[in-house]
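Every heavy atom of this structure was used, including side-chain atoms; hydrogens, water molecules and symmetry mates were not.
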Amino acid sequence: PELGYDDYAGIDVAGKALLIMTHAPRERHQHGPFRAAEAFHYTTNRYKAINARQHGATAVLLVTDPNNHSGEQETVLSLHGAASSGSGIVAVSIVREVAETLLSGSGKTLSRLQQEIDGQLEPKSFLAQGVKIKAKVSLVRMRGNTANVVGLLAGLDPVLKEEAVVIGAHYDHLGLGGENSLAPAAFNVVHPGADDNASGTSALMALARAFQFAGGAKRALIFVAFSGEEVGLLGSYQYVKQPSIPIERTVAMVNLDSVGRME
């Protein structure tokens, strides 16, 4: 909404399967609209699948956009989180050849659609008449143990100490290159995550140290290093279910994510 950009405006996708390109409009522009920190989450495959589900779609078919990533080895993407059993939608990825076949009756191509979207910076959604798909997904349930790290600094004001401010940063990372990283062609190359999100956790620890040295604040301060952010905001979801101080007495939350570039 803040960008005035809606792929679903004027089109009913209820009960439909959606063909969706990866990445974002004008991705190669240094200051493209979706490069802004507050808008970047719209570009993730997980968000696109959830957004499609919220609009009533029954399936999403993700294909790598052709114009900006033609040099990449075309492969079927991993969809961790997007196709989980709790997502409520079938999510698969397809190679461009299959996508072009689905578009063949429309007179459109992926490349041409992307050119129009990038050139005009507006959606080009349309109904592909007479196209039907059949998809079957076999899910591999991945389980693991992880934890949030929480520190509480008591408030100083006799009244306001009953209220809390949460200061948080996620400490997990994508780990390797590939989909959703800034090096999508560098598969299985270790990324230390200096910005996303060692920068945020560093700021979190620095703030905790500074407030402790200062003796605290009027309200209680809760410092949380969240886990499981990259696979679906799992740590913050868990904290909301079991907060250190009840949510109704939590007056604000400051999230520190990718603060290392200062852009």
Could you list the donor-acceptor pairs under 3.5 angstrom formed by side chains in residues 3-15, with sequence neighbours left out?
unit_1, atom_1, unit_2, atom_2, d
D6, OD1, Y8, N, 2.9
D12, OD1, A14, N, 3.0

Pairwise distance [atom1]([X]) to [atom2]([Y]) - rounded to 0.5 angstrom:
X: S125; Y: I117; atom1: OG; atom2: CD1; answer: 7.0 Å
X: L127; Y: K16; atom1: CG; atom2: NZ; answer: 6.0 Å
X: Y42; Y: E2; atom1: OH; atom2: CD; answer: 3.5 Å
X: T201; Y: L256; atom1: OG1; atom2: CG; answer: 9.5 Å
X: L19; Y: E100; atom1: CG; atom2: CD; answer: 9.0 Å
X: H191; Y: D196; atom1: NE2; atom2: CG; answer: 11.5 Å

Can you name the closest pair of heavy atoms from [X] and [Y] and give their distance?
X: D118; Y: P25; answer: OD1-CA, 3.4 Å
X: P33; Y: R26; answer: CD-CB, 4.4 Å
X: S199; Y: G260; answer: OG-N, 3.3 Å
X: Y239; Y: I245; answer: OH-N, 4.2 Å
X: S202; Y: A198; answer: OG-O, 2.7 Å
X: V60; Y: A49; answer: CG2-CB, 4.1 Å

Taking [X] for its side chain and [Y] for its backbone only, find out whether a donor-acceptor pair lies under 3.5 Å.
X: N197; Y: Y171; answer: no
X: S106; Y: K108; answer: yes
X: R96; Y: T64; answer: yes
X: R112; Y: G107; answer: no

Side chains of [X] and [Y]: does their closest heavy-atom pair fall under 4.5 Å?
X: F223; Y: V166; answer: no
X: I94; Y: L102; answer: yes
X: Q114; Y: P66; answer: yes

Consider only side-chain heavy atoms of I, L, V, M, F, W and Y, link residues closer than 4.5 Å, and tell whether [X] and [Y] are in one cluster.
X: F226; Y: I222; value: yes
X: V224; Y: L207; value: no
X: I133; Y: V92; value: yes
X: Y237; Y: V254; value: no
X: L221; Y: L152; value: no

May I have the step-by-step check of side-chain contact (heavy atoms from CB on, under 4.5 Å) for L110 and L103, ending in yes or no? CA-CA 8 Å; L110 283 177; L103 292 172; 3.9 Å; yes
List, one per line, each side-chain donor-acceptor pair under 3.5 Å for residues 156-165, sequence neighbours excluded.
unit_1, atom_1, unit_2, atom_2, d
D157, OD1, V159, N, 2.9
D157, OD1, L160, N, 2.8
E163, OE1, R219, NE, 2.7
E163, OE1, R219, NH2, 3.3

With a sphere of 6.0 Å drawn around [atom1] of [X], does it hold more than 12 non-hydrogen atoms of other residues, nucleotides or ligands?
X: E122; atom1: CD; answer: yes
X: E97; atom1: CD; answer: no
X: K218; atom1: NZ; answer: no
X: R209; atom1: CZ; answer: no

Using the side-chain hydrogen bond (donor to acceptor under 3.5 Å, both in side chains) definition, which of the options T146, D172, N148 pairs with S227? T146
Going by side-chain hydrogen bond (donor to acceptor under 3.5 Å, both in side chains), H23 matches just one of N45, D65, N67. Which one? D65
Lys/Arg N to Asp/Glu carboxylate O, R261 vs D195, below 4.0 Å: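 Between D195 and R261 there is a salt bridge, with a charged N closer than 4.0 Å to a carboxylate O.
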K134: what forms a side-chain contact (heavy atoms from CB on, under 4.5 Å) with it, not counting sequence neighbours?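 Residues passing side-chain contact (heavy atoms from CB on, under 4.5 Å) with K134: none at all.
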When you compare the side chains of Q120 and E116, does any donor N or O come within less than 3.5 Å of an acceptor on the partner? no
Under the side-chain contact (heavy atoms from CB on, under 4.5 Å) test against L204, which residue among N255, V149, I167 passes?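 Checked N255, V149, I167 against L204; only one passes side-chain contact (heavy atoms from CB on, under 4.5 Å): I167.
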